[in-house]
Structures are given as structure tokens and as C-alpha cells.
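Encoded as C-alpha cells, the structure appears first; notes follow it.
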Amino acid sequence: VKDFSRIASQENEEMLQKILNEKFHEIDLPDFVGKINVNQLKLGSIPPIIQLLSVSDAILSETNSENKNNEELIVDELNVRIVVAISYSGDLGFSIETELVVNNPSPRFLVLPMQFHVSNLR
């Protein structure tokens with residue numbers, strides 16, 4: 001990527017943060033975990049390394065559709081299977097918050113807010 005800053009724009013970071021929050025809110029969580037929110041997302045200045053591993057017809061089975069070795073399976077409307085390896089070492093950062101909920105002796109008897117910060121992945 002010649003100009004990663006165009007991809008890592010504030011507008012794209014906000015859009016990706018919104019998409020992640022929508023996906024997290026669709027997940028059925030156990031009753032001891034509160035709603036998960038991505039509070040902050042910075043794509044950083046260093047792009048990931050994406051290696052194309054194969055392109056083939058999208059004939060899938062349980063054994064060959066598993067996500068192995070950091071590979072991501074993408075199937076589009078043209079029934080094409082694209083397998084890529086993604087590695088990253090850079091200054092991406094994000095914050096996630098949730099709650100740990102103790103429901104005994106009564107519902108929400110104790111609620112512990114939790115926040116996780118991840119930055120400078122290596």
C-alpha cells in the first residue's frame with residue numbers, strides 16, 4: 001500500500017468502529033458478560049502484510065474451510081475462494097469495554113466494569 005494514511009483515515013476508523021460495535025451487539029453473550037463496546041480504534045500508520053495464498057473455485061467442505069495458520073477465507077458472489085495470510089506488526093490500537101456481571105444472589109448483584117486497551121502489536 002503506497003499511502004496507508006488514506007485507508008487509515010479518521011472517517012474509515014469511525015466506520016470500522018461502528019461496524020465492529022454492530023457485530024459485537026449481535027453476539028449472544030453469557031449472562032455474566034455485559035454488552036461489548038469498541039470505544040476507540042486507531043488503524044495506525046503501518047499497513048498489514050497481506051499474502052495471497054490461493055485463488056480457486058469455492059467448493060467447500062468442513063475440512064478445507066477451517067481457518068488455519070492465520071488464514072482468512074473469503075467467498076464472494078462469483079463462487080471464488082481466496083485464501084490470504086495476514087500478519088501485522090505496528091501501531092494499531094483499540095479499546096474495548098464490557099462488564100463482568102455477578103448474578104448471585106440476585107440479578108446484577110455485582111457489576112464490575114472492565115476496559116481493555118491494545119496497542120503496538122508485535
Report, as yes or no, whether the 6.0 Å neighbourhood of atom CD on Q115 holds more than 12 heavy atoms from other residues, nucleotides or ligands.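 Yes.
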Atom CD1 of I49 with >12 non-hydrogen neighbours under 6.0 angstrom: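 Atom CD1 in I49 is not packed in, count stays at 12 or less.
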From CA spacing to verdict: side chain to side chain contact (heavy atoms under 4.5 Å, CB included), L112, V101: CA-CA 6 Å; L112 302 170; V101 181; over 6 Å; no
How many angstroms lie between atom [atom1] of [X] and atom [atom2] of [Y], to the nearest 0.5 angstrom?
X	Y	atom1	atom2	value
L41	N12	CG	CG	10.5 Å
I36	I27	CD1	CD1	6.0 Å
S5	Q10	OG	CD	13.5 Å
N103	R108	CG	CZ	8.0 Å
R122	D91	CZ	CG	7.5 Å
S119	K42	OG	NZ	13.0 Å

Measure the shortest side-chain to side-chain distance between V118 and L92 over non-hydrogen atoms and say whether it is less than 4.5 angstrom.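 No - every pair of side-chain heavy atoms lies 4.5 Å or more apart.
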Please assess V80 against V55 for the test side chain to side chain contact (heavy atoms under 4.5 Å, CB included), listing each intermediate value before the final yes or no. CA-CA 7 Å; V80 174; V55 178; 3.7 Å; yes
What closest approach, in Å, do Y88 and I46 show between heavy atoms, and which atom pair accounts for it?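 Between these two residues, the closest heavy atoms are CE1-O, 3.0 Å.
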For the residue pair G44 and F4, what are the closest heavy atoms and their distance?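 Smallest heavy-atom distance, with atoms named: O-CE2, 3.6 Å.
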Quick check: is L29 connected to V102 through a chain of hydrophobic side chains (ILVMFWY, heavy atoms under 4.5 Å apart)?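 As far as the 4.5 Å side-chain criterion goes, L29 and V102 are connected within one cluster.
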If hydrophobic clusters are built by linking Ile, Leu, Val, Met, Phe, Trp and Tyr wherever their side-chain heavy atoms come under 4.5 Å apart, do F116 and V111 end up in the same one?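 Looking at the clustering, V111 is in a separate group from F116.
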List the steps, then state whether side chain to side chain contact (heavy atoms under 4.5 Å, CB included) holds for N104 with F109. CA-CA 6 Å; N104 193 4; F109 176 73; over 6 Å; no
Decide whether E13 and Q17 meet the rule of one side-chain donor and one side-chain acceptor closer than 3.5 Å.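 The answer is no; no qualifying pair exists.
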Indicate yes or no for a side-chain donor-acceptor contact from N21 to the backbone of V38 under 3.5 Å, with no hydrogens or angles considered.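 Answer holds: yes.
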Give the C-alpha distance, both sets of side-chain angles, the deciding distance and a yes or no for side chain to side chain contact (heavy atoms under 4.5 Å, CB included) between Q51 and I86. CA-CA 6 Å; Q51 179 184 10; I86 301 173; over 6 Å; no
side-chain contact (heavy atoms from CB on, under 4.5 Å) with M114: which of T98, I96, V33?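 Only one of T98, I96, V33 forms a side-chain contact (heavy atoms from CB on, under 4.5 Å) with M114, namely T98.
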Using the side chain to side chain contact (heavy atoms under 4.5 Å, CB included) criterion, which residues pair with S95? Sequence neighbours excluded.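 Scan of S95 (side chain to side chain contact (heavy atoms under 4.5 Å, CB included), adjacent residues dropped) gives N39, Q40, H117.
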